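Everything below concerns the one structure shown next.
Note that the structure is predicted; figures quoted are calculated from it, not measured.
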Amino acid sequence: MASRVSRQRTVMSEGTVLQNRDSNITAKDTSSTIAAATASIFQDAQRSLTSHRKLCIRLWTVQQQASDRGYEDEFNRKFASLLNRVLPIKKSEPAAEKIVKFCSQFVEYINLQAGAGNVHNNDSDVDMMDMDDEEDTESTVCSRFVEYLLQHLLRGVDAKSKVVRYRVCQLLASIVQTVGEIDDDLFQDLRSAFVRRVHDKESSVRVQAVMGLCRLQGTDDEDEPEPVSELLLNTLQHDSKAEVRRSVLLDLDKSNITIPYVLERARDIDTSTRRCVYARILPAIGDFRLLSIGMREKILSWGLNDHDASVRNAAIKTFATGWLENTGNDVLELLERLDVLNSKVAAQAMKELFGYRPDLVKNLTFPDTLWHNLTAETVFLACSFAAYCRESGMENLLEDKMPEVSKLGFYIEKYSEFLNVEDIEVNTVEHEFILEQLISIASNMDFSDEIGRRKIFSVIRNILAKESLSEVITEAAVSVLRRVSIRERDFCQIISETISDLHDQIGSDDDNPNGGEDSFHSALSAVESPASVASKSSSRVSDAGSPLSPSDDRPVREILINLKCLHIAQCMLENLEGALKNNLTLMSMLEDLIIPSIRSHEAPVRERGLRCLGLCCLLDKDLSLENIVLFMHCFNKGHDAVQVEALQIICDILISHGKAILDNENGIDSEIIRKMFLKGLRCESFDVQVAAAQSLSKMLMAEVIADEEEVTQAVGEFVSENKARLKWD
């Protein structure tokens, strides 16, 4: 381009003069002078972006003078001719990119001039009537130029060269962004061209096409068969190239309809796209309170648990700065907007918030008045603070901010009393949550104070004896009880006494004749199939005449208390590390509580007993050898939930005890185990398939089973076939 312009300059007549560099044409040959001036401006536009503003003014002056002298078409053709030289130039050429930007900036400038009606005439003064006429003329010149330019570029939309298609779409997308109103037919041609190029085989062309389509959002007619928004959403979800999806993500209008699809890209396979959601999209949406509670929960969970550190950091920054600023730096309001009563990610979010904003940790205060009037948000904040201080080694700060252990025991005792109040006006769910959080705070405290330790011990012991205690509070209470217990045997003894107290609430007339007299090895024969259990259950219902008459309250209460006792035993077993046979209390609980529950006719009791037995097997290798056949039988004969439980138990046993229970004189053949898990992968239940795939993966990593091609191939095929379902589940 530079060589051609230099040759044009050499053949120009000596009468060609550009006065004061303003392109005032005084040449004898007007047509060649217009061409030379336009080419000179294009030549200068390739050098630097900073001069584009002045060059736009110069080119606009050339256009006005050409129009005044009847050479408007000559100017338009010369402009298009110079622009054609850019079309075959590849994407990596900086000069071509500068020309594209200059072209769009020039179109924007002449549209502004046409709209404002600013006509600069240096030769003579004009009156108001002449100015109005000149404004109309300028507007017409602008509109004719834009229409000519767009029609000229549309001729290259379907070119064979991918570079030409890319440059044409790039120019059209940048020009459409700056123009005002255009003819309806021209608009339809533009829309049709962009729609065709959205399906182009080259991703670079598709990127420019979707950028152009994004400029046309909100302009569809009601009877349009395929609205622009639907086409863009389809591209956002299904285009194979990340840069195309990211282009739609950034330019798509954010509305109640499109926001869920936009935020869904936080699960995109491309790291940059996921990071873009947190770094650019969420700040662009503005106040996070515009999102639903469910969407806030999802977007936080996805970001904070992303496998890429850059995405996690972007999510943390958005939460700790943007979302907190939306609430006026009020942490309690932020927690209220997260719905801490039902949130599964709020605890992790607060941990990241404290890590990102250490000033919050230092400035938080918890006065005594707060502890007497706790809400879900205040107690959750205190619990999150205590957990963070404990994990970060800030014991001194924890001791300064939190109440004494003995006082905390009184607060736990106070709020536990609400569990016995039967009042509609009392929010039982919130009080249970407050009690759970207070117990969790206690688990992070230092129990070197003997008075405080005894107070917590007494309060937790009394709470566990409550029949109506929820499972979440039970887990937290058992965990704290283990911390305040001096020895593991003392801990087991207290739990055993608590379970005995709960059984005493049933009454003395419901002794189980099959209690602890039967041997543990007879449990296998008592495991029934779902069909037999269903038949017996139906016979009991038919004998009673109605599902639950008043006389049935006692059996139901007995089942609930048994479930409660088994759950306490399960929580205890999860906190033990010592050998099973060295603990007489634990052996007694195994024979009197866990074994009878496995023979129960009630499925929930039987399933929970099975889990407790599995936890016991983790503590004793001989017990695992004796009962692994029972778990295999449960997998073969049980329903879906029992099958999942059996697979998980067998996997844990094999990982805990290794190959010691496989392929030896008293062990199990590893080939049988392998076939059982492969059978689980072929089950109809998706939950069973997932449990089998996870178990096989764990055992392969632990080298419990051989890394055979059949196993790895089966797991790989399952993950590949269910990739989308596993991703969202």
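- Between the side chain of Glu436 and the backbone N or O of Ile473, no donor-acceptor pair lies under 3.5 Å.
- At a threshold of 4.0 Å, the pair Asp490-Arg487 counts as salt-bridged, since one of the basic side-chain nitrogens sits closer than that to a carboxylate oxygen.
- Aromatic ring pairs are classed by plane angle as parallel below 30°, tilted from 30° to 60° and perpendicular above 60°; the pair Phe385 and Phe366 is tilted.
- At least one side-chain heavy atom of Met699 sits under 4.5 Å from a side-chain heavy atom of Phe677.
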Q: Would you sort out whether Glu297 and Lys344 count as a salt bridge (Lys or Arg N to Asp or Glu O under 4.0 Å), showing the intermediate values?
A: CA-CA 8 Å; Glu297 180 86 1; Lys344 296 180 179 179; over 6 Å; no
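- Note that CD of Gln348 and CG of Leu353 are 12.5 Å apart. Values are rounded to the nearest 0.5 Å.
- Screening Phe288, Trp323, Tyr278 against Leu300 for a side-chain contact (heavy atoms from CB on, under 4.5 Å) leaves a single residue, Trp323.
- With hydrogens and angles disregarded, no donor-acceptor distance shorter than 3.5 Å links the side chain of Gln643 to the backbone of Gly680.
- A salt bridge links Glu471 and Arg608; the closest N-O separation between the charged side-chain nitrogens and carboxylate oxygens is under 4.0 Å.
- A donor-acceptor contact shorter than 3.5 Å links the side chain of Ser416 to the backbone of Glu413.
- In this structure, NE2 in His503 is found 11.0 Å from CG in Asp501, a value given to the nearest 0.5 Å.
- Judged by distance alone, the side chain of Arg312 and the main-chain N or O of Asp306 form a donor-acceptor pair under 3.5 Å.
- Within 6.0 Å of atom CG in Leu584, 12 or fewer heavy atoms from other residues, nucleotides or ligands are found, so the atom counts as exposed in its surroundings.
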Q: Apply side chain to side chain donor-acceptor pair (under 3.5 Å) to Asp652 and Ser656, showing your working.
A: CA-CA 6 Å; Asp652 291 341; Ser656 298; over 6 Å; no
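- Cation-pi geometry between Lys455 and Phe410 is met: the NZ or CZ atom falls under 6.0 Å from the ring centre, inside 45° of the normal.
- Separation of atoms CD (Gln648) and CZ (Phe635) is listed at 12.0 Å; rounding is to 0.5 Å.
- Within a 6.0 Å radius of NZ in Lys351, other residues, nucleotides and ligands contribute 12 heavy atoms or fewer.
- In this structure, the side chain of Tyr415 engages the main chain of Leu374 through a donor-acceptor pair within 3.5 Å.
- The main-chain N or O of Cys616 is never found under 3.5 Å from a side-chain atom of Asp620 such that the two would form a donor-acceptor pair.
- The line from CD of Glu475 to CD1 of Ile568 is 11.5 Å long, rounded to the nearest 0.5 Å.
- Atom NZ of Lys298 has 12 or fewer neighbouring heavy atoms from other residues, nucleotides or ligands inside a 6.0 Å radius.
- Annotation: ring pair (Phe, Tyr, Trp, His ring centres under 6.0 Å) contacts involving residues 327-355, sequence neighbours excluded, comprise Phe354-Tyr388.
- With 3.5 Å as the limit, one finds a donor-acceptor pair spanning the side chains of His639 and Glu607.
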Q. Do Leu324 and Leu360 pass the side-chain contact (heavy atoms from CB on, under 4.5 Å) test, and can you show the C-alpha distance, the side-chain angles, and the key distance before you say yes or no?
A. CA-CA 11 Å; Leu324 188 59; Leu360 287 178; 4.0 Å; yes
Q) Given the rule in the side chain to side chain donor-acceptor pair (under 3.5 Å) test, do Glu574 and Gln570 qualify, once you have shown the distances and angles that lead to the verdict? A) CA-CA 6 Å; Glu574 291 171 351; Gln570 174 188 331; 3.2 Å; yes
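- With hydrogens and angles disregarded, a donor-acceptor distance shorter than 3.5 Å links the side chain of Asn444 to the backbone of Ser440.
- Remark: Glu395 CD is packed, more than 12 non-hydrogen atoms of other residues, nucleotides or ligands lying under 6.0 Å away.
- A salt bridge is defined here as a Lys NZ or Arg NE, NH1 or NH2 lying under 4.0 Å from an Asp or Glu carboxylate O, and Glu404 with Lys407 fails to meet this definition.
- Remark: the backbone N or O of Leu586 is paired with a side-chain donor or acceptor of Asn583 at under 3.5 angstrom.
- The environment of CZ in Arg489 is sparse: at most 12 heavy-atom neighbours from other residues, nucleotides or ligands sit within 6.0 Å.
- In this structure, the side chain of Lys621 does not engage the main chain of His657 through any donor-acceptor pair within 3.5 Å.
- Thr321 contributes a side-chain N or O that, together with a main-chain N or O of Lys317, makes up a donor-acceptor pair within less than 3.5 Å.
- Ion pairing between Arg454 and Glu450 holds under the 4.0 Å rule for side-chain N and carboxylate O.
- In this structure, Arg482 satisfies the cation-pi test against Phe491, with its NZ or CZ atom closer than 6.0 Å to the six-membered ring centre and inside 45 degrees of the ring normal.
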Q.
Quick one, Phe631 with Leu613, criterion side-chain contact (heavy atoms from CB on, under 4.5 Å). Give me CA distance, side-chain angles, the key distance, then yes/no.
A. CA-CA 10 Å; Phe631 300 126; Leu613 179 59; 3.9 Å; yes
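- When the salt bridge (charged side-chain N to carboxylate O under 4.0 Å, His left out) test is applied to Asp339, no partner is found at least two apart in sequence or on another chain.
- Classification of Arg483 and Asp446 as a salt-bridged pair fails, no side-chain N sitting under 4.0 Å from a carboxylate O.
- Between the side chains of Thr375 and Thr378, at least one donor N or O lies within less than 3.5 Å of an accepting N or O.
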Q: Determine, stepwise, if the pair Ile494 / Leu464 fulfils side-chain contact (heavy atoms from CB on, under 4.5 Å).
A: CA-CA 10 Å; Ile494 295 300; Leu464 281 176; 6.0 Å; no
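- Distance CG/Asn396 to CD/Glu399: 6.5 Å, rounded to 0.5 Å.
- The distance from atom CG of Leu590 to atom CD1 of Ile595, rounded to the nearest 0.5 Å, is 4.5 Å.
- Val459 and Gly409 make their closest contact through CG2-O, 3.7 Å (heavy atoms, listed as atom of the first residue, atom of the second, distance).
- Note on Lys564 versus Glu467: no salt bridge recorded, every NZ/NE/NH1/NH2 to OD/OE distance being 4.0 Å or above.
- Taking a cutoff of 4.0 Å between a charged side-chain nitrogen and a carboxylate oxygen, Arg289 and Glu333 qualify as a salt bridge.
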